[in-house]
J.: 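Here's a structure for you.
So you know, we letter chains A, B, ... as the sequences are listed, proteins then strands, and number each from 1.
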Amino acid sequence: QVQLQESGPGLVKPSETLSLICTVSDFSISSGYYWGWVRQPPGKGLEWVGSIHHTGSTYYNPSLKSRIIIGVDTSKNQFSLNLSSVTAADTAVYYCAKTYYDILAGSAMDVWGQGTTVTVSS
Amino acid sequence: DIQMTQSPSSLSASVGDRVTITCRASQNINTYLNWYQQKPGKAPKFLIFRTSTLQSGVPARFSGSGSGTDFTLTISRLQQEDFATYYCQQSYSTPLTFGGGTKVEIK
């Protein structure tokens, strides 16, 4: 059963870059599917951040596109999120997730990490 | 972007009640609509795929219907473990978007 685990700093200063890693267990990222990030500000709903295919194709939320980079490291079976120039509005629980099919549109997110809380504050 | 609107934003119900949650898309999304359940402090759980396909392990008291712009999630007889927040999500096109959530609380 595939498992995902987020890791990274819990506190980031304003204007700096938020960097998270999602480690995938019991499944090879190279086998397919899209791997992505969803965030949830405190007390609010879910927002899709972006996704990457094992081939490197990326899809980003346009609201974040100028600040976001999602990468994949198949040798480590990990994918990553870098969000630059963060503000307090980027404070959220960040989840990594896998798609149900080897497509993004038309699919769903069937396996989720437990989430990691990131606070933006000086 | 496709906007997803859920109603109500919260509801109070008793064990055994029938509960219906509505999700409306700002444009036609065919049946590309998924549902998730989230309990406090936990990651969302994938419940229903493409409007009506229950995921493995999801009780049959859950059902989904709809097409185009209007969708519903129904819980036929609410159980204690169903008290949670439910989110719809369209997968018709990127950016993927979620509804604002419906919190199902104990009456």
J.: Using a strict threshold of under 4.0 Å (side-chain N to carboxylate O), is an ion pair present between B:Asp17 and B:Arg77?
T.: no
J.: Please confirm whether the backbone N or O of B:Gln27 pairs with a side-chain atom of B:Gln3, one donor and one acceptor, at under 3.5 Å?
T.: no
J.: Which one wins on heavy-atom pair count under 4.5 Å against chain B: A:Gly115, A:Gly106, A:Gly36?
T.: A:Gly106
J.: Which word best sums up how the rings of A:Trp35 and A:Phe27 line up, parallel for under 30°, tilted for 30 to 60°, or perpendicular for over 60°?
T.: tilted
J.: Can A:Lys65 be said to sit on top of A:Tyr60's aromatic six-ring, NZ or CZ under 6.0 Å from centre and within 45° of the ring axis?
T.: no
J.: B:Arg24 and side chain to side chain donor-acceptor pair (under 3.5 Å): which partner among B:Thr5, B:Asp70, B:Thr69?
T.: B:Asp70
J.: Quick one: what part of A:Val93 sits under 4.5 Å from any heavy atom of chain B, side chain, backbone, both or neither?
T.: neither
J.: Is B:Gln38 in contact with chain A via its backbone, its side chain, both, or neither, using a 4.5 Å heavy-atom distance?
T.: side chain
J.: In terms of heavy-atom pairs under 4.5 Å with chain B, which of A:Ala108, A:Gly45, A:Ala105 leads?
T.: A:Ala108
J.: Heavy-atom distances under 4.5 Å only: say whether B:Tyr92 touches chain A with side chain, backbone, both or neither.
T.: backbone
